[in-house]
Amino acid sequence: MMSVHGALAVAAVGALLASCAARPVALEPGRVGDVARITLAPAGWGELAGWSGDRVAEAVPAFLRSCDRIASKAAGAQAADGAPLDPRATEASFGRVRDWRPLCRVAAGLPAGDDAAARRFFEANFVPVLVASKGGSTGLFTGYWEVELPGSRTQEGPYQYPVYRKPADLTDKPYLERGAIEDGALAGKGLEVAWLQSPDDVFVLQMQGSGRIRLPDGSTMRLVYEANNHRPFVNVYQMLLDGGEIAPAQFSEKSVRGWMRDHPDQAKELRRKDPLYVFFRELKGDGPVGYEGAVLTAERSLAVDHRYIPLGAPLWLDVHDKYRPVAVQRLVVAQDTGDGIVGPLRGDFYWGSGTAAAARGSDFYAEGRYWMLLPRAVATKMVAALN
C-alpha cells in the first residue's frame, strides 16, 4: 500500500512547534540518498518495555500473513529456499527463506488468542536486536489509515472526479505530472476505476494509498495502490502551514479538508505543487494490502523503509507521542512502505480503517525505538556482520 504516509502528521507537529517555541525541534525524516548503516545490538526480552503485558497473540495473524508471502517465494523452486527474506533490504539479507519457513510452520500451530503460547513461541525462537544507526536508536513514527469516502463506479450526480487505474504506457520513467492528469490528459481512455465528489477526495485517497469507497447503493469497493507516475513527492500540507493559511493551533486533518473545501481555486493550485500522482486498482476481498503483498492488520502492521528493514520481519515497537499521552508498545510486523517513509529509523503505524482510525492516526507523531526479532539461527551471524 505504498503511499505518502505521515505527511499530515509531520506538518501538524510543525504547527505545534511553531505555536510553542519552548518545545524541542522535531525529528526530521531521513532523506533519499542517505547512506546511514544500521547496527543491531542483541537485547534481553526484559529490556523490551511492555513486552510482558502486550496481547502478543494479536500479532500472530499478521505474522502468518507475511509467512504466506515467504512461503510463496519458495513454492515450486528449490533454489528460492536459499533466497533472502527480502532482497530489497540492501543492508543485509536478514536470513534466508529456509531460516524463516520452519518458524512459520510452528506459528501456524499456535492456539488462537493464547498470549502466553505466543509469547513462549517468540521468546524460544527469536532474538530481539535493537536497530540503530550512526545517529543513535531513536526514530520518528507517524500514523496512517484506510480512508472511507463516498463515490461511484460511474460518473453520475456529484461524482465527477475520476480515480484512475495504471495506464498501459506507464513505465519506470517520469510520467505525466498531476496538473496534466487533473486537466484531463487521461480522460476518455477507459482508465476510470471510480468517481469521487471532489479533487481533494482524490488527493486524500492518494496520500493514504488505499481506501474504501461507499457506493450509492450502500455497498463498498476497496481501492488499493497500483503504481505512481515516478515524480517526486512534495509535502503540500507543510506548504499550507508555512503559508499561514491555517493557524498553527488549529492545524489538523479536519482543518485542512475544510480549507480545501472553502478555497477550491487555491486548493487546486496547492495540489499541483505536488507532481506525484497515484494510480489504483480495485481489490476484491479483504484488505488493504501492504507493499509486501500481505493484508494489513490494524495496529499490528508497520510501514518501514525496506532498504533497511526487511518486509515480513516482526518488530517490537516502543514509541511515545511527543505531544499527546499516547504510547505504542507492542509487537508489529513490517509489511508496508511509503514514499514518505525514508531512513533506517522511520516507521508509519497502521491504525486501521474508518473515522476512528483517522482520528487516532492523523495527529500521531511519536519518537522511540524498535527491536527486530531475528530467528536465533540468524541473529548471531547478522549482529557480527553489521557491527
Side-chain angles (χ1 to χ4, degrees), residues 1-13 26-32 34 36 38-40 43 48-50 54 59 62-63 66 86 88-89 91 94 128-133 135-146 207-210 233 235 288 290-292 294 296-324 326-352 357 360-374:
M1 192 169 101
M2 187 174 181
S3 71
V4 190
H5 306 160
L8 180 64
V10 172
V13 172
L27 294 170
E28 289 292 333
R31 294 175 172 81
V32 175
D34 280 354
I38 64 169
T39 59
L40 301 176
L48 278 54
D54 184 35
F63 179 61
S66 285
D86 185 353
R88 296 160 296 196
E91 281 289 323
F94 299 98
V129 290
L130 177 65
V131 181
S133 72
S137 60
T138 300
L140 168 65
F141 297 85
T142 49
Y144 71 112
W145 61 98
E146 184 184 38
M207 291 292 286
Q208 292 304 316
S210 74
F233 163 64
N235 190 347
Y291 193 69
E292 183 193 21
L296 300 179
T297 302
E299 301 186 40
R300 293 293 174 175
S301 295
L302 190 74
V304 297
D305 185 338
H306 61 63
R307 296 174 302 171
Y308 301 97
I309 304 298
L311 297 182
L315 302 161
W316 177 255
L317 191 63
D318 180 12
V319 302
H320 299 258
D321 196 297
K322 288 173 66 66
Y323 308 111
R324 298 169 183 82
V326 177
V328 175
Q329 295 176 320
R330 66 188 63 182
L331 186 62
V332 298
V333 183
Q335 295 180 313
D336 204 1
T337 189
D339 293 322
I341 310 304
V342 181
L345 299 174
R346 181 73 172 93
D348 215 20
F349 185 73
Y350 176 63
W351 286 99
R360 301 179 72 186
S362 62
D363 294 331
F364 185 67
Y365 190 93
E367 65 178 16
R369 304 186 292 175
Y370 52 16
W371 287 256
M372 190 186 311
L373 274 54
L374 289 174

Student: Checking side-chain polar atoms at under 3.5 Å, does Thr138 have a donor or acceptor matched by the opposite partner on Glu367?
Tutor: no

Student: So Tyr350 and Thr297, do their side chains get closer than 4.5 Å, heavy atoms only?
Tutor: no

Student: Is the backbone of Leu311 close enough, under 3.5 Å, to the side chain of Asp86 for a donor and an acceptor to pair up by distance?
Tutor: yes

Student: Would Leu374 and Leu40 count as a side-chain contact (heavy atoms from CB on, under 4.5 Å) if you check the C-alpha gap in whole Å, the side-chain angles of each, and the deciding distance to 0.1 Å?
Tutor: CA-CA 10 Å; Leu374 289 174; Leu40 301 176; 4.1 Å; yes

Student: For Pro288 and Ser210, which heavy atoms make the closest approach, and how far apart are they?
Tutor: CB-OG, 3.4 Å

Student: If I take atom CD from residue Glu299 and atom CH2 from residue Trp351, how far apart are they, to the nearest 0.5 angstrom?
Tutor: 5.5 Å

Student: For the residue pair Arg346 and Tyr370, what are the closest heavy atoms and their distance?
Tutor: N-OH, 3.9 Å

Student: Does Phe364 reach the side chain of Arg324, with side-chain heavy atoms less than 4.5 Å apart?
Tutor: no

Student: Quick one: OG on Ser301 to CG on Leu315, what's the gap to the nearest 0.5 Å?
Tutor: 11.0 Å

Student: Quick one: CD1 on Ile309 to CZ on Phe94, what's the gap to the nearest 0.5 Å?
Tutor: 6.0 Å

Student: Indicate the atoms forming the closest heavy-atom contact of Pro314 with Leu331, along with that distance.
Tutor: CB-CD1, 4.3 Å

Student: What I'd like to find out is whether the side chain of Trp316 reaches to under 4.5 Å of the side chain of Arg369, using heavy atoms alone.
Tutor: no

Student: Give a yes or no on whether the backbone of Val131 and the side-chain of Ser137 come within a donor-acceptor separation of less than 3.5 Å.
Tutor: no

Student: Please report the shortest heavy-atom distance between Pro310 and Met372, naming the atom on each side.
Tutor: CD-CE, 3.9 Å

Student: To the nearest 0.5 Å, what is the distance between CZ on Phe141 and CG on Asp318?
Tutor: 9.5 Å

Student: Ignoring hydrogens and geometry, is there a side-chain-to-backbone donor-acceptor pair from Arg300 to Val333 under 3.5 Å?
Tutor: no

Student: Might you work through the side-chain contact (heavy atoms from CB on, under 4.5 Å) test for Arg307 and Val342, ending with a clear yes or no?
Tutor: CA-CA 9 Å; Arg307 296 174 302 171; Val342 181; 3.6 Å; yes

Student: Does some side-chain heavy atom of Leu296 sit less than 4.5 Å from a side-chain heavy atom of Tyr144?
Tutor: yes

Student: Between the side chain of Gln208 and the main-chain N/O of Trp145, is any donor-acceptor distance below 3.5 Å?
Tutor: yes

Student: Between Asp321 (side chain) and Tyr365 (backbone), is there a donor-acceptor pair under 3.5 Å?
Tutor: yes

Student: Under the 3.5 angstrom rule, does the side chain of Asp336 hit a backbone N or O of Gly290 as a donor-acceptor pair?
Tutor: no

Student: Where do Val304 and Ile341 come nearest, in terms of heavy atoms and distance?
Tutor: C-CG2, 3.6 Å

Student: At their closest point, which heavy atom of Ala294 faces which heavy atom of Gln335, and how far apart are they?
Tutor: CB-NE2, 4.0 Å

Student: Kindly compute the distance separating OG1 (Thr39) from CG (Leu130), expressed to the nearest 0.5 Å.
Tutor: 7.5 Å

